Amino acid sequence: MAKPSLDQLLSDLNEPQRQAVVCPGGPLLVLAGAGSGKTRVLTHRVAFLIAAQGVKPDEVLAITFTNKAAVEMKERVESLLGPIARTMWVSTFHAACARILRKEAQQLGYRRNFTIYDAGDQVRVVKQCLKELGLDPKRFPAKGIHSVISSAKNRLLDAEAFGETINNFFDDTVASVYTLYQKKLFANNAMDFDDLLMRTVDLFVRFPDRLEHYQRGFRHILVDEYQDTNHAQYMLVNLLGREHRNICVVGDDDQSIYSWRGADVRNILDFKQDYPEATVIKLEQNYRSTQAILSAANVVISNNGERMSKDLWTDLGEGEPVRVTEVEDEHGEARYVAGEISRLEQKEGIDHGDIAVFYRVNAQSRVLEDLLIRYGIPYRIVGGTKFYERAEIKDALAYLMVLENPSDSVSFSRIVNSPKRGIGAASVAALARFAEAAGISMLDAAARAGDIADLRPAAVKSLENFSVRMADLAGAAANSPVAETLEEVLTSSGYLEALSAERTVEAEGRIENLQEFVGVAEEYDNIHSDGSLREFVQEISLYTDIDKLTEVERAITLMTLHNAKGLEFPVVFIIGAEEGVFPHSRSMEEQNLDEERRLCYVGMTRAKKRLYFTYATTRNLYGSRNYNLASRFLGELPGDLVAFEQIRPARTRFGGGFGGQAGFFDEGECAEGGNEAEASLNETPSFFNVGDKVVHATFGEGVITGVERGGTVAVRFSVDGSERKLMVDYAPLRKA
DNA sequence: GAACGCCGTGTTTTT
DNA sequence: CACGGCGTTC
């Protein structure tokens, strides 16, 4: 492919964007407001460096927040430069570190086939440690301990250094667990996610020649989402960039929403102090949202304390006011959202695929899902339980990991009795003791089960069989494509057989997931014709989201506000805007409201054309009913940008009333907006219209013959020709 | 060793 | 409400 001309690279950029792209070198901070073309700047800058500055692709290290973002960025640069771009390092911090550590592991006493443990594995190891140390898991919950260890690692404190910082009894205990935990990881030839960062820093500190090697190599370092980096990542950037000082960081302090997992906004706020000679460029022109949405978002975020001042503007026009709707409860909320979605589709031709609903906690999605299913509105959920976190996938992967790294006792323990082989906790413990004493892996110990005194004969037999089976699998794996190995594992282990024997819907689902996993392996084999099981396992353990290409067309998108970062939709609903839900009660206790407000800002700025907020006067969450005030964030919205509406339940039409609700309209800020007053007295719009074809859970197919007041419809059922009156809210009725 | 049932608990999530 | 962890029972 021909090199792009400079004109091509620089066309369609506004002035600050252009400056950021052509900045020749040195530290550069790009403060990129939401929707300001950040990705465009990043990709064009990389292309510019290579095409116009004589930088070689493999001298560029570009860091993204997710694997998905890395793939997208690579593709975009490739479309500008052609295949030469392939040698660039574009990845997450974790993937880049893993790549470095695979090369350098021996320096740290690890073997290069080390296993990477995810959060679940980490907690398992912590539990083992607690047991061995005789600690009460009630007083010292594994999850809590793990999170303290993790945050210590993110601050680059090893067990010893952490031990010196302790100021309470709990941390004292954590320190002893931490020490043992790390010992175990090392014995298993395993690193956890945090280790990938910490060990790499460790490598660079202890072996200056290795640091020098990589410093020289990376002439340019670019970091996206810099506001969400933690201390370890900060150190990596600083160490690697020290030689050339060509560090370009891109981010938005107003979108920092991950402090609870170690991200430190100070990294971006202090960049100018760290690099006094840094160029700072602000991108404030927004190409995504209407002015009304932007102004509202600007006002909300302006309530935060320390921030780098920034004011987004757009020339896309004023647009519609932000709609704020009070509903009775979570069911009314769901009905309202579904009703608006139908209305938008019918009256304005807005496709379902253009609509997203954001909520603060995953639990909020259920009620909405139930209703969407009933109304026959297609939806997809982003996030939730991850594919690679499902038990069956982790089991399958654990088999592969043991084949690949037999020292990995965590994976071994996971699969040795899965499917059930009559090897219970007691036998596993005996095996572990033996392996430890003999200084061999648990897999090797299983082969010598006969030598272990505490095992019952049945367990010995079973372990020996297991060991032989694994040896066979390892032999077969050596020369087979990954997908074949995986299938062999699933059948020969009896895993699939055990699942199909269950004959439940859940088991069916699990089998389907496993088939999809085989599909992933096949895909891998196709791309890497000479790929090995080792590479597959190593790659997959850093990859956690699978919803890659499976985008369902014409479905509305449901996700948490955190998952919404980086996305955009013409229509956005933010539901559950209530004190205690959003902002979340726990953030309120911890005085972490600034971050909640940033989360609100992130959510609002995802909307291109229309933005809706809903709040319920009462909500059932976690099985108990709450009466919440409207979110303070709504109170912060300026009245002239808002259209307020109140959906009142048909049953209590003359009950209840105004005024009880504190929050955003108690300062008389309610919008005047023409027809809104009329809308506020309306009942929930009906989803069913005369003539609609419907399906009832017990009566089967039918057609709507009448729509009555109070949420009642008449339905003629084809099965027996009967006509029945049904309450829409309670009848198991959906559109056909 | 496994199945059942009780109790407690409950943000956000990528790697 | 819903799930996971743990203790009891067969």
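Chain A is the first sequence line, chain B the second, and so forth, proteins listed ahead of strands; every chain is numbered from 1. Here the structure is a predicted model, which is why all the values come from computation and not from measurement.
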Using a 4.0 Å heavy-atom cut-off across all strands, classify [X] as base, sugar-phosphate, or nothing.
X	answer
A/D228	nothing
A/F65	sugar-phosphate
A/R366	sugar-phosphate
A/E596	base

Starting at atom [atom1] of [X], determine the distance to atom [atom2] of [N], rounded to an integer number of angstrom.
X	N	atom1	atom2	result
A/W260	B/dT13	CH2	P	6 Å
A/D224	B/dT14	CG	P	16 Å
A/Y359	B/dT13	OH	C1'	13 Å

Give every residue pair that meets the ring pair (Phe, Tyr, Trp, His ring centres under 6.0 Å) criterion with at least one member in residues 579-599 of chain A, sequence neighbours excluded.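 The answer is A/F582-A/F633.
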
With [X] via side-chain contact (heavy atoms from CB on, under 4.5 Å) - residues at least two apart:
X	value
A/Y627	A/T618, A/R625
A/A98	A/I116, A/L196, A/L542
A/V367	A/E330, A/H331, A/A334

Under the ring pair (Phe, Tyr, Trp, His ring centres under 6.0 Å) rule, collect the residues that match up with A/F466, sequence neighbours excluded.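 For A/F466 the ring pair (Phe, Tyr, Trp, His ring centres under 6.0 Å) partners, ignoring immediate neighbours, are A/F412.
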
Applying salt bridge (Lys or Arg N to Asp or Glu O under 4.0 Å), which residue pairs with at least one partner in residues 412-431 of chain A are found, sequence neighbours left out?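 Applying salt bridge (Lys or Arg N to Asp or Glu O under 4.0 Å) to every pair that reaches into residues 412-431 of chain A, excluding sequence neighbours, yields A/D395-A/R414.
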
Side-chain donor/acceptor contact of A/R261 with base of B/dT14 under 3.5 Å: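 Donor-acceptor pair under 3.5 Å: yes.
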
5' to 3' on DNA chain C, which nucleotides open and close the contacts with chain A (atom under 4.0 Å from a heavy atom)?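 The contacted stretch runs from C/dC1 to C/dG5.
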
Pairs under 3.5 angstrom, nitrogen or oxygen only, protein versus nucleotides 1-9 of chain B, please.
{"from": "B/dG1", "atom 1": "OP1", "to": "A/G424", "atom 2": "N", "distance (Å)": "3.2"}
{"from": "B/dG1", "atom 1": "OP1", "to": "A/S427", "atom 2": "OG", "distance (Å)": "3.0"}
{"from": "B/dA2", "atom 1": "OP2", "to": "A/N417", "atom 2": "ND2", "distance (Å)": "3.4"}

A/R76: which residues meet the salt bridge (charged side-chain N to carboxylate O under 4.0 Å, His left out) condition with it, sequence neighbours left out?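 Partners of A/R76 under the salt bridge (charged side-chain N to carboxylate O under 4.0 Å, His left out) test: none.
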
